[in-house]
Amino acid sequence: MEQQPSRASHIATFALVTAVLMALSGSFRLWDHHSSLALAKYGVGTLLCLTLALCAGFSARRSGTWQITAMGSAAVLPLVLISDWVTRPYGFYPGLAVRGEILLLTLGSFLVLRRLPHLLSVLALLAPIFLGWWFFSYVGTRQLVSDDHSSVFFRLQLLKDNFPNIPHYLPLWNGGIEWRDFFGTGILNLYLLFWPLIEAWPLEQSYTLLVALVAFAVLPLSVYCGARMLDLDRLAGSCAAILSLCFSLVWYRWVLKYGAMGFVTSAALVPAVFCLSARFIERRGKLSLLSCLTVVILGSLALCWPLMALFFIPLLLVAAPNMIQLLRRWQFWTVLCLLMMINLPWGVLFWKVSKVDKFITLGEEGDALSGHGQEIGQIPDPDQHWDTALAASSNKSINFKAGVRKLREAASSTNPLVFVFALPGLALLGGRRVRSVFILMMLEGVLLGAAVSQLKPQYELERMMMLACLLLCVPAGAAIAELLRRCASEGARPGERMLGALTIACLVCGIFVSAWISQNRSYERFGLNSASSAKLAKLIRENAATGRIAFTGFVLHELDGGHIAPLVFSTGKPLLTAAPTHSRWSYTELVPEEYKSRGIPGIEEYFELMNVSVVAAHEADWRGLLDAHPESYLPLGAAGAFTLYKRVRWQPSYFLSGSGAVLSQDSGGLVVRMDSAEAVLKFNYLPFLKSSACALSPAKVGASAVLIRVTACTPGAEISIRAGKPWERLL
């Protein structure tokens, strides 16, 4: 018969979990964050709780009943609910009103507690459907565009048009650029995961659905499968899946507000990959072929966001002592070989074309920070920019107080259920190696998110703390399931049953909080497309003729709170801007200084060089400059923040010298009719460009432009100019 935990074990667990929460809180104020009564100020409360935990633990150990209990952890919940955890700005809970809702849910759960463990499996299925319905009841047919959502949409459309020929030449933006950020942003995983849906429907109709599927379906399914892979039962898997839907406000910040969907998709897949890999190590490679293939497929999708590789370091550390046994297993070699075959080619290409070495050393002494990167010789790459503002934010040393502040900010936005039940949940995980992997994962998340992020801000490693909290949903779900089984048993006391009901209430209330967030009511506001963006696209279509449209100044989030990149698809016109996506961390002007410094004559020379027919301005100084010269710029109308001007003296031609016509431009290249044997095109030259007939070479114009020189052509011939095949660049 299994020995029941002693009262001392419950007290020790209560004190230990309270100490952890106080340390993560910093102050742990009663009732709200404005209260003057701070229980954990200066670490006094934390030390007292640790002392109590040691004394109670020693007493339980002497009686032979020491263990970390889910019941002791659940006893912390009333203390959490009367503290400032539910009222903090940017905390997970929305405020004081949630206490009443939890109280009502607790009373209802207490009345039907014995049936609730069985109903949780149903709730795990219904919660994603409920959240999706609630989300689309607010969004409707509009499209998410805030921050990087517009860039993600743009990248997916480019993949739809060009995959697998990536990276490629994109003439629609900035006179022709190399588009290669499919690798660094991780967006390949979203494209590959939902390829049938992306190909079957227009992306304008399916994009927001893809976001919802990742947030409300892929994530809980991954967490549930991860729990089951660790031999936890259905109740534990269901509790973990429900908790994953409401584990952190930061999760919804990245999903709905920031729209970093490459990272988000990798994060949603990580629980299943991580747990299956831990099981692989625990059993020393004794897995079925299907499990091995699952590791390869899901692992490859997760690694599409390259920094996710850091999160698997704990797996390697735990596996190291058993490496000899693993090397004897055919499963190990199968997984290793398939992972290398799938990921090594694109990884090498990513390293080669994306200048990873320069990005890694950004901010260190001797790095190249100004201007544009160099592809070959002195030819500038118009899409390469290492920003001095980002480098300046890099620290030379780690500030302990800043690291603690980062950790506490991440903890405050996390559902306290994760921290309350993580410790007893870790004790319930089967296998010493599995527990070791989860403990190392927590330590690594704190190290990367709180410390290393100060040295390398360009990596945005703060999100690693969120990932650690996400993975803790698995052991926390196991502890909640253990608690509910005990509370639903015949011998449960009223106090124990009340704690079980309170836990259920917090879990269910978390789903309603997530629905509240998805309705755009939290601190993390997300943006949808509006009529002004449609009006701007219409103005451009009606007035742009055959030339390019130049967006002066620096455009960042002026288009419905998102980036301007997708405008080339809604207008069908080639555009110019300082940066179509967020690749600049400080103000960057479109017109190079060598032209802008000479006033209107220099600006006109640049616009003529780039075949600009319409100018769009949103900054007051640019609008004032253009309005002051009606002989050169004729107002066409305004949409949102932008005013469009027609260039009065525009001479339509994509040829700087020679003659011919640009017959078409698309997201992968251009087609040109050559009427002369030689010409210089008003498109940026890049060394990997290939022509179907003529020879291509660089033609430097001024200090900042390198255009395409075409030679050895037959007059009247039509040629296509596109990027070489990816394997050609790789070899």
Side-chain angles (χ1 to χ4, degrees), residues 139-158 160-161 170-175 201-208 259 526-581 590 607 610-620 622-623 625-627 630 632-650 652 654 662-667 670:
V139 172
T141 59
R142 292 174 292 176
Q143 181 181 316
L144 285 166
V145 295
S146 59
D147 209 334
D148 274 341
H149 276 300
S150 54
S151 299
V152 171
F153 172 86
F154 179 65
R155 293 167 188 141
L156 287 176
Q157 187 62 56
L158 291 178
K160 185 175 181 178
D161 295 342
L170 178 62
L172 298 177
W173 265 117
N174 288 6
W201 280 278
L203 201 56
E204 295 85 354
Q205 300 175 13
S206 62
Y207 176 74
T208 304
F526 55 88
L528 304 168
N529 61 337
S530 67
S532 63
S533 59
K535 182 180 178 182
L536 177 62
K538 182 180 179 181
L539 272 175
I540 291 174
R541 287 194 302 268
E542 293 175 347
N543 296 282
T546 59
R548 296 188 177 108
I549 297 86
F551 286 80
T552 58
F554 185 58
V555 181
L556 186 60
H557 292 144
E558 282 74 19
L559 197 63
D560 292 336
H563 301 305
I564 200 171
L567 197 60
V568 293
F569 295 125
S570 57
T571 62
K573 304 295 182 180
L575 310 177
L576 295 173
T577 187
T581 59
L590 166 67
F607 286 159
M610 300 308 294
N611 193 30
V612 173
S613 61
V614 172
V615 179
H618 70 285
E619 295 164 335
W622 267 104
R623 291 199 304 268
L625 178 64
L626 300 180
D627 287 334
S632 299
Y633 303 98
L634 177 66
L636 297 173
F642 298 94
T643 301
L644 268 62
Y645 298 85
K646 179 181 179 181
R647 286 189 62 224
V648 177
R649 301 171 183 174
W650 173 51
Y654 278 108
V662 174
L663 302 179
S664 66
Q665 304 179 54
D666 58 32
S667 62
L670 62 150

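Here the structure is a predicted model, which means the values were calculated and not measured.
Phe551 CZ to Leu575 CG: the interatomic distance, rounded to the nearest 0.5 Å, is 5.5 Å. In this structure, CD in Gln205 is found 9.5 Å from OG1 in Thr141, a value given to the nearest 0.5 Å. The CH2 atom of Trp622 sits 7.5 Å away from atom CG of Leu590, with the distance rounded to the nearest 0.5 Å. In this structure, His618 NE2 and Leu536 CG are separated by 12.0 Å, a value rounded to the nearest 0.5 Å. We find the NZ-CG distance between Lys538 and Asn543 to be 11.0 Å, quoted to the nearest 0.5 Å. In this structure, OG in Ser570 is found 8.0 Å from CG in Leu559, a value given to the nearest 0.5 Å.
A donor-acceptor pair is defined here as one N or O able to donate and one able to accept, closer than 3.5 Å; no such pair exists between the side chain of Asn174 and the backbone of Ala579. A donor-acceptor pair under 3.5 Å is formed between the side chain of His563 and the backbone N or O of Leu556. In this structure, the side chain of Arg548 engages the main chain of Met610 through a donor-acceptor pair within 3.5 Å. In terms of modelled atom types and a separation under 3.5 Å, the side chain of Thr208 and the main chain of Leu144 share a donor-acceptor contact.
Between Ala537 and Thr571, the shortest heavy-atom contact is CA-CG2, 3.7 Å. Listed here is the closest heavy atom pair of Gly175 and Leu576: N-CD2, 3.6 Å. What you find for Trp173 and Ala565 is that their closest heavy atoms are NE1-O, 3.0 Å. Taking each heavy atom of Ala617 and Leu626 in turn, the nearest pair found is CB-CD1, 4.1 Å. Here the shortest heavy-atom pairing between Ser533 and Asp560 reads OG-OD2, 3.0 Å. Taking every heavy atom of both residues into account, Pro566 and Ser150 meet most closely at CG-O, 3.0 Å.
Contacts of Tyr207 classified as ring pair (Phe, Tyr, Trp, His ring centres under 6.0 Å), with partners at least two apart in sequence or in another chain: His149. Residues satisfying the salt bridge (charged side-chain N to carboxylate O under 4.0 Å, His left out) criterion with Arg647, sequence neighbours excluded, are Glu604, Glu608.
Leu567 places a side-chain heavy atom less than 4.5 Å from the side chain of Ile540. Contact annotation: the side chain of Pro574 approaches that of Tyr654 to within less than 4.5 Å [non-hydrogen atoms, C-beta and beyond].
Relative ring orientation between Phe569 and Phe154 is described as tilted, the plane-to-plane angle lying within the 30° to 60° band.
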Exercise for review: Please lay out, stage by stage, how Phe642 and Val555 fare under the test side-chain contact (heavy atoms from CB on, under 4.5 Å).
Suggested key: CA-CA 10 Å; Phe642 298 94; Val555 181; 4.1 Å; yes

Exercise for review: Under the side-chain contact (heavy atoms from CB on, under 4.5 Å) rule, what do Thr552 and Phe607 come out as? Steps first, then yes or no, please.
Suggested key: CA-CA 11 Å; Thr552 58; Phe607 286 159; 4.3 Å; yes

Review point. Passes side-chain contact (heavy atoms from CB on, under 4.5 Å), Tyr633 versus Asp627? Steps please.
Key: CA-CA 7 Å; Tyr633 303 98; Asp627 287 334; over 6 Å; no

**Study point:** Verdict with reasoning, Asp147 to Phe526, per side-chain contact (heavy atoms from CB on, under 4.5 Å)
**Key:** CA-CA 8 Å; Asp147 209 334; Phe526 55 88; over 6 Å; no

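The 12-atom threshold is not exceeded at NZ of Lys646, counting heavy atoms of other residues, nucleotides or ligands nearer than 6.0 Å.
A side-chain contact (heavy atoms from CB on, under 4.5 Å) with Leu644 is found for one member of Val614, Leu634, Ile549 and no other, namely Val614.
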